[in-house]
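We're numbering straight along the sequence, starting at 1.
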Amino acid sequence: PQKTCFHRSQTLGYKNGYAFSRLPTVGSGGERLYVNQLSQAELDELASKRPTLTYGQVKRAPPSGFIPVHVAFDKKILKFDAYFQEDVPLSAEEHYRIRQVCIYYYLEDDSMYVIEPVVQNSGIPQGKHIRRHRVPKNDRGEHYHWKDLNRGINITMYGRTYRIVDCDRFTQEFLESQGIEVNPPEKMAFDPYTELRQMPVRKYITPSDFDQLKQFLTYDKQVLRFYAMWDDTNSIFGENRPYVIHYYLADDTVEVREVHKQNDGRDPFPVLIRRQRIPKTFVDKQKTFPTCVMEISDQEVLEWYTAKDFAVGKSTNLLGRDFFIYDCDEFTRNFYRDKFGITDFQPVEIKKKPPEEVQQIIPPYNGFGIPEDTLQNCFSLFPKPPRKDVIKMLENENKVLRYQVALESPNPEDRKRRFILSYFLSNDMISIYEPPVRNSGIIGGKYLRKTRVAKPGSTTENAKYYGPSDLTIGSTIEVFGHRFVITDADEYVLNYMESNAGSFPAATLQSLRDHFHPKQVVKEPDNSDIPKLGTSKREPDELIVHVQEELKPHKHLNNKNIQEAFLQCDKDGSGVLDKAKFLSLCDSLSVPTNTTLLNKLIDQCSCGENQINYHNFLKAFP
């Protein structure tokens, strides 16, 4: 029942590309298994295998005489003296009862037997408590063993706790012979009520000279009234509450009444403490004395509250509550002035503490809906939908910025995956779509529905979301724990940002311009038979068309094989290759890189020192 983990161990695996099965080492929930482990005898046999092959089998000694357990331990019984405590809830003379028992442990079958000696005139059914059988130790199926028994310990059997105090001589010698250190014996506890019945004690009570009738006739209908405050601000929802304390002089009883105001929001209960004598000092309580009783007699109380225990400006503890008395009425002043000679009745001004300002703590985002919509539940009982920028939605309706992104992952298969990231300008939402690729083993389709993506490190109070300014070529964005690298974009993105250049940073716009119009690093040769496309302002598509016309005679080129070769060579999926590696790959594919137009295309595809962006180069091989 205490088990909370039920995980099963993995028994299937791969080694050198082959599937194999292995035996589980741990069971359900991580428990160790002993079934599939080598025993000590098997380990010893494996350790001694080589000498056996050299010298032959070792001659085994003849087995010793076998004596069964039930024969060796026949009629051998361990005897322990113990007792247990039993509560007596419905008795005015005793609160608990001590019952002595004898615990017998049979060594032949590990069974136990508990019996209570008969006490004359006890009125309690006595005799056999637990029949002879193996007593369960816990809920895991274990049973009590003689190693669990010793003097001076508690054992629990079927919900009842027994205290073992002593054992016989045979039991002590047996435990010591087995290497168990036997605790010293303890004194047997006796039932106090049984001893009280056996030795009755006569009590002589001298009548008191205090005349309660005279007190009643003298002080009848005379009540002292005190105005007090109970400070309960330390507890949750606590406050300072006013009360009126009445002290009845006729019988020395105290009553505490509540003070209700209009619209105070409390139930109309007039009395907090009913009229009764309240104890001030108790006799030294025993551990067995219950803390909550119906009636307290003079035997448990050393001193009761009297009129001299109440004074203005002092605190009084009544049944666990501290009441601060700040004023009293005129009759109470006259009584204390005549009876005790007290003349100082200056009332204490009670200042109410200003309510503490509770700082509103906004809980973390729970993942349902957008954070702005979920945040409205913390501000109002009836949440309102967050306001939307209607003008922005109308101006940017159907305007979408599309980017090509690559997944940044340590897995080589995931690095080759390409996604289409769409940024919707009307509501600043992002969606990601993965185009299906045949024979890739990955199901394409919708990867992320339209939602606002927060930047790493943003909080619910200060949420920062990705915008068009953050989407630059080569930058990395984190989408719910997955990192994507922007590798390409639509020409519409460049056109839109150039038309709204004042709304975007210069670095973002420049990265797009460098991506779509790479700089020329090689001068064009002056040949009359070659078309002059040499200025960097010409579109690269015109150069690609001339390259394709030049490659038409080379019919041995397979565009599909060229595409796959470059993708396989780019293991990290960055879209960039070293120039030496790029040229060696072109030579292996028989691509004529010695022509002027192809050299010009390679120069336009260069991005940095000795780096080639092969995606632009592959546009010539559709």
Asker: With a 4.5 Å cut-off on side-chain heavy atoms, are Tyr465 and Val453 touching?
Answerer: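 A side-chain contact is absent here, since even the closest heavy-atom pair is not under 4.5 Å.
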Asker: In Å and rounded to the nearest 0.5 Å, what is the OH to CG distance from Tyr466 to Leu421?
Answerer: 10.5 Å
Asker: Is a side-chain donor or acceptor of Asp490 paired with a backbone partner of Tyr492 at a separation under 3.5 angstrom?
Answerer: no
Asker: Distance check, rounded to the nearest 0.5 Å: Lys137 atom NZ versus Tyr144 atom OH?
Answerer: 7.0 Å
Asker: Test Ile420 against Ser422 for side-chain contact (heavy atoms from CB on, under 4.5 Å), laying out the working first.
Answerer: CA-CA 6 Å; Ile420 304 299; Ser422 302; 4.3 Å; yes
Asker: Would Lys450 count as a cation-pi partner of Phe424, with NZ or CZ less than 6.0 Å from the six-membered ring centre and within 45° of the ring normal?
Answerer: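 Verdict for Phe424: a cation-pi partner in Lys450.
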Asker: Walk me through it: do Gln510 and Asp514 pass the test side-chain hydrogen bond (donor to acceptor under 3.5 Å, both in side chains)?
Answerer: CA-CA 6 Å; Gln510 187 63 32; Asp514 295 342; 2.9 Å; yes
Asker: What's the shortest heavy-atom distance between Leu471 and Thr508, and which atoms?
Answerer: O-CG2, 4.1 Å
Asker: Could you tell me whether the side chain of Ile164 reaches within less than 4.5 Å of the side chain of Leu149, counting heavy atoms only?
Answerer: yes
Asker: To the nearest 0.5 Å, how far apart are OG in Ser469 and CG in Leu509?
Answerer: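 These two atoms lie 10.5 Å from each other.
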Asker: For the CD1 atom of Ile486 and the OG1 atom of Thr476, what is their distance to the nearest 0.5 Å?
Answerer: 8.0 Å
Asker: Ser21 versus Leu12: any side-chain heavy-atom pair under 4.5 Å?
Answerer: yes
Asker: I'd like to check Leu512 versus Ile473 (side-chain heavy atoms, cut-off strictly below 4.5 Å). Are they in contact?
Answerer: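 Of all side-chain heavy-atom pairs linking Ile473 with Leu512, at least one is under 4.5 Å.
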Asker: Counting distance only, does the side-chain N/O of Thr487 pair as donor-acceptor with the main-chain N or O of Gln404 below 3.5 Å?
Answerer: yes
Asker: Can you name the nearest heavy-atom pair linking Tyr105 to His145, along with the distance?
Answerer: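 Here Tyr105 and His145 meet closest at OH-CA, 3.5 Å.
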Asker: Does some side-chain heavy atom of Met393 sit less than 4.5 Å from a side-chain heavy atom of Ile391?
Answerer: no
Asker: Could you report the tightest heavy-atom contact between Asn183 and Asn150, atom names first, then the distance?
Answerer: N-OD1, 3.2 Å
Asker: Are the side chains of Ser28 and His7 in touch, meaning some heavy atoms are under 4.5 Å apart?
Answerer: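 They are not in side-chain contact.
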Asker: Before accepting this row, confirm whether a basic side-chain N of the pair Glu434/Lys446 lies closer than 4.0 Å to the acidic partner's carboxylate O.
Answerer: no
Asker: Is the shortest heavy-atom distance from the side chain of Tyr423 to the side chain of Asp428 under 4.5 Å?
Answerer: yes
Asker: Before giving the answer on side-chain contact (heavy atoms from CB on, under 4.5 Å), spell out for Arg483 and Val485 the whole-Å C-alpha distance, their side-chain angles and the decisive distance to 0.1 Å.
Answerer: CA-CA 7 Å; Arg483 296 171 62 89; Val485 180; over 6 Å; no
Asker: What are the two closest non-hydrogen atoms of Phe480 and Arg452, and how far apart are they?
Answerer: CZ-O, 4.4 Å
Asker: How far apart are the C-alpha atoms of Ser409 and Asn411, what are their side-chain angles, what is the distance that settles it, and do they pass the side-chain hydrogen bond (donor to acceptor under 3.5 Å, both in side chains) test?
Answerer: CA-CA 5 Å; Ser409 173; Asn411 192 356; 5.5 Å; no
Asker: May I ask you to say whether Lys261 pairs ionically with Asp264, meaning some side-chain N is under 4.0 Å from a carboxylate O?
Answerer: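 No.
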Asker: Are Met112 and Arg134 close enough that some pair of their side-chain heavy atoms sits under 4.5 Å apart?
Answerer: no
Asker: In this structure, are over 12 heavy atoms from other groups packed under 6.0 Å from Arg22 atom CZ?
Answerer: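 Atom CZ in Arg22 is crowded, with more than 12 foreign heavy atoms closer than 6.0 Å.
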Asker: Search all heavy atoms of Lys392 against all heavy atoms of Leu425 and return the closest pair with its distance.
Answerer: CE-O, 3.3 Å
Asker: May I ask you to check whether over 12 heavy atoms, not counting those of Lys455, lie within 6.0 Å of atom NZ?
Answerer: yes
Asker: For Tyr158, does the OH atom sit with more than 12 other heavy atoms under 6.0 Å from it, leaving out its own atoms?
Answerer: yes
Asker: Nearest 0.5 Å, what's the CD-CE distance between Glu239 and Met229?
Answerer: 8.5 Å
Asker: On the ring face of Trp230, is Arg241 found with NZ or CZ under 6.0 Å from the centre and within 45° of the axis?
Answerer: no
Asker: Any chance you could lay out the side-chain hydrogen bond (donor to acceptor under 3.5 Å, both in side chains) test for Asp232 and Ser235, step after step, and finish with the verdict?
Answerer: CA-CA 6 Å; Asp232 191 31; Ser235 61; 2.9 Å; yes
Asker: Evaluate side-chain hydrogen bond (donor to acceptor under 3.5 Å, both in side chains) for Asp488 paired with His515, printing each intermediate quantity in order.
Answerer: CA-CA 8 Å; Asp488 199 358; His515 178 70; 2.7 Å; yes
Asker: More than 12 heavy atoms of other residues, nucleotides or ligands under 6.0 Å from CD of Glu181: yes or no?
Answerer: no
Asker: Quick one: are the ring centres of Tyr447 and Tyr433 less than 6.0 Å apart?
Answerer: no
Asker: So, Phe484 versus Phe419, ring centres under 6.0 angstrom or not?
Answerer: yes
Asker: Walk me through whether Val437 and Ile442 qualify under side-chain contact (heavy atoms from CB on, under 4.5 Å).
Answerer: CA-CA 8 Å; Val437 179; Ile442 299 175; over 6 Å; no
Asker: Compare every heavy atom of Ala406 with every heavy atom of Arg418, then report the nearest pair and how far apart it is.
Answerer: NH1-CB, 3.5 Å
Asker: In sequence, state the C-alpha distance, the side-chain angles, and the governing distance for Thr233 and Asn240, and then conclude on side-chain contact (heavy atoms from CB on, under 4.5 Å).
Answerer: CA-CA 7 Å; Thr233 55; Asn240 284 323; 4.2 Å; yes
Asker: How many angstroms lie between atom CD1 of Ile432 and atom OH of Tyr403, to the nearest 0.5 angstrom?
Answerer: 13.0 Å
